[in-house]
Amino acid sequence: MDLSAELSEFLRSRRARLKPEDVGLPEFGRHRRVPGLRREELAQLAGVSVAYYTRLEQGNGRNVSMEVLDAIARALRLNDSERAHLTHLAKPTAKKRRHAAAIARPQHVRPGLRHLLDSMDGVPALVVGRRLDILAWNRMGRALLGDFAAMDPDERNVARLVFLWENTRDLYQDWECKATEVVSLLRLYAGCYPDDPKLLALVGELSVKSDEFRSLWAAHTVADKGHGTKRLRHPLVGEMTLAYESLKVAGGDPDLVLVTYHAEPGSASADALRLLAQWGVDEPAAAARK
C-alpha cells in the first residue's frame, strides 16, 4: 500500500469528522466549502504552521517528530488505535517493512493452545491470526459461529465470512456494527504491515465483491481487537447476547488472538448456550489444521 496516500487520506478523513464547535473554535459563517475543520484551524489547534501541516496531510511525513504527531493526534481527538495507526503511517520503519516479507509465511497454533481450546467446555472460542484468518477453534466455537472444518482453508477468514456469506449476516443482529469492526481491524493491520501481499489480495477481493466493504474501507476507520457484546440469532437456539474477550496470545507470534464468548450467568443466553452445547457438533474441531 502507498503509505503517503494512506497518511493523506487518513488525516483528511479525521479532520472532516470534526466541527469547529467540537474543539472550542467559533463558527465563522454558515457555509463552509469543506466538511469539518479547515487545515488552518487544525494547525492552530496542534500548534504547528499551516504549511507544515499541509505537507503532512499531503503525505509527506518524513522527519516528523513524535511530539508533532502527538499534538496533531490530540487536535484530531484520536483514540489510542487511531494514534497508533497515525504513527505507523507517518513513521514506517525499515524493520516493519522487512517483517512484512516474513508474515507471508503460514501461521501455526502450538499444541498447548489447541489443548486449551478443547478444554474450554461450554465456552465458544477460536484463535484468529493475521488478516483475521481463523486458525483454530473448539467444538462450541464451531457450533456457535460456523462449520469451519467444512470450509476450504482460504475461506476461514472473519472478513470473508462477514461480507461474503449470507449465513453470517443472519447470525449477527448488529451486522453493520460487526462489519465496521472487521474493516477497522483490517485497516489497523494494513498500517502496521503495508507490504503484506495476502492482505492486499484480501482487500482487493472484498472491494470487488462487496459494495459495503468498499464503502467502509474508504472511511478509514481503525480499531484494535478488544471486548464487548454481540447480539446473535442462532438457527438452533435463537437469540443470544454474548460478551466477547480478545486476548493476545503470549509467545513468539504477536498476531495471534484468542477470542472467547460467554453469557451472563443465569440469563436466557446462558440457557441457550447450554442447549447449544447439547446439540452441538461432536468433532473436537480445534484439532483441525490449516
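Quick caveat: nothing in here was measured; it's all calculated off a predicted structure.
With hydrogens and angles left out, the side-chain atoms of Ser184 and Thr221 include a donor and acceptor closer than 3.5 Å.
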Under the side-chain contact (heavy atoms from CB on, under 4.5 Å) rule, what do Glu181 and Val162 come out as? Steps first, then yes or no, please.
-> CA-CA 10 Å; Glu181 290 176 357; Val162 166; over 6 Å; no
What's the verdict on side-chain contact (heavy atoms from CB on, under 4.5 Å) for Thr229 and Leu242, showing C-alpha distance, side-chain angles and the deciding distance?
-> CA-CA 5 Å; Thr229 59; Leu242 302 180; over 6 Å; no
Trace of the ring pair (Phe, Tyr, Trp, His ring centres under 6.0 Å) decision for Phe163 with Trp175 = CA-CA 10 Å; Phe163 286 97; Trp175 182 88; 5.7 Å; yes
I would like to know whether Arg114 and Val127 meet side-chain contact (heavy atoms from CB on, under 4.5 Å); could you show each step before the answer?
-> CA-CA 9 Å; Arg114 293 182 182 274; Val127 175; over 6 Å; no
Hey, mind stepping through Lys198 and Asp196 against salt bridge (Lys or Arg N to Asp or Glu O under 4.0 Å) and telling me if it holds?
-> CA-CA 6 Å; Lys198 291 187 177 181; Asp196 182 352; over 6 Å; no
Report the C-alpha distance between Leu206 and Trp217 in whole Å, list the side-chain angles of each, state the deciding distance to 0.1 Å, and finish with yes or no for side-chain contact (heavy atoms from CB on, under 4.5 Å).
-> CA-CA 10 Å; Leu206 295 175; Trp217 186 256; over 6 Å; no
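With contacts defined as side-chain heavy-atom distances shorter than 4.5 Å, the pair Glu212/Glu176 does not qualify. Looking only at side-chain heavy atoms (C-beta outward), Asp195 and Leu200 stay at 4.5 Å or farther from each other. The shortest distance between side-chain heavy atoms of Ile72 and Leu11 falls below 4.5 Å. At least one side-chain heavy atom of Asn157 sits under 4.5 Å from a side-chain heavy atom of Leu202. Taking 4.5 Å as the limit, every side-chain heavy atom of Val50 sits out of range of all side-chain heavy atoms of Leu42. Under the 4.5 Å side-chain criterion, counting only non-hydrogen atoms from C-beta, Leu86 is not in contact with Arg14. Within the 4.5 Å cutoff, no side-chain heavy atoms of Leu247 are placed close to those of Val257. Contact check for Tyr189 versus Arg130: side-chain heavy atoms found under the 4.5 Å cut-off.
For the atom pair CD of Glu239 and CZ of Arg231, the computed distance is 7.5 Å after rounding to the nearest 0.5 Å. Note: Asn63 CG to Leu56 CG = 11.5 Å, rounded to the nearest 0.5 Å. Between Leu258 atom CG and Leu256 atom CG the span is 10.0 Å, to the nearest 0.5 Å. Atom CG of Leu199 is separated from atom CZ of Arg131 by 7.0 Å, given to the nearest 0.5 angstrom. In this structure, the separation between CZ on Arg110 and CG on Leu113 is 5.5 Å, given to the nearest 0.5 Å. Note: Phe148 CZ to Arg142 CZ = 9.5 Å, rounded to the nearest 0.5 Å.
Taking 4.0 Å as the cut-off between side-chain N and carboxylate O, Arg12 and Glu9 do not count as a salt-bridged pair. Comment: Glu6 engages Arg187 in a salt bridge, judged by a side-chain N to carboxylate O separation of less than 4.0 angstrom.
Judged by the 6.0 Å distance and 45° axis criteria, Arg160 is not positioned over the aromatic ring of Trp165.
Closest non-hydrogen pair, Ala277 versus Arg139, comes out as O-NH1, 3.0 Å. Across Thr180 and Leu216, no two heavy atoms sit closer than the pair OG1-CD2, 3.7 Å. When all heavy atoms of Ala263 and Ser269 are compared, the closest pair comes out as CB-C, 3.7 Å. Nearest heavy atoms, Ala75 versus Leu45: CB-CB, 3.8 Å. Leu18 and Arg77 get closest at one heavy-atom pair: CD2-CG, 4.2 Å. Nearest approach of Leu236 to Trp279, heavy atoms of both residues: O-CZ3, 3.3 Å.
Within the 3.5 Å criterion, the main-chain N or O of Ala84 finds a donor-acceptor partner in the side chain of His88. Formation of a donor-acceptor pair under 3.5 Å by the Asp2 side chain with backbone atoms of Ala5 is found in this model. Using modelled atom types, one side-chain atom of Ser8 and one backbone atom of Glu57 make a donor-acceptor pair closer than 3.5 Å. Side chain of Arg39 to backbone of Tyr53: no donor-acceptor contact under 3.5 angstrom is found. A donor-acceptor pair under 3.5 Å links the side-chain atoms of Glu82 to the main chain of Asn79, judged by distance alone. Looking at Ser246, its side chain never comes within 3.5 Å of a backbone N or O of Val259 through a donor-acceptor pair. A donor-acceptor pair is defined here as one N or O able to donate and one able to accept, closer than 3.5 Å; such a pair exists between the side chain of Glu41 and the backbone of Arg38. Judged by distance alone, with hydrogens and angles left aside, the side-chain atoms of Gln173 form a donor-acceptor pair with the main-chain N or O of Leu232 at under 3.5 Å. Asn138 contributes a side-chain N or O that, together with a main-chain N or O of Ala125, makes up a donor-acceptor pair within less than 3.5 Å. Looking at His234, its side chain does come within 3.5 Å of a backbone N or O of Ala143 through a donor-acceptor pair.
Applying the side-chain contact (heavy atoms from CB on, under 4.5 Å) test to Ala250 and every residue at least two apart in sequence or in another chain returns nothing. Residues meeting the side chain to side chain donor-acceptor pair (under 3.5 Å) test with Glu155, sequence neighbours left out: none.
Results of the side-chain contact (heavy atoms from CB on, under 4.5 Å) test with Leu161 over Leu132, Ile134, Val182 single out Ile134 as the only residue that passes.
His227 and Tyr244 have their aromatic ring centers separated by at least 6.0 angstrom.
When the shell of 6.0 Å around CG of Asp121 is examined, it contains 12 or fewer heavy atoms from other residues, nucleotides or ligands.
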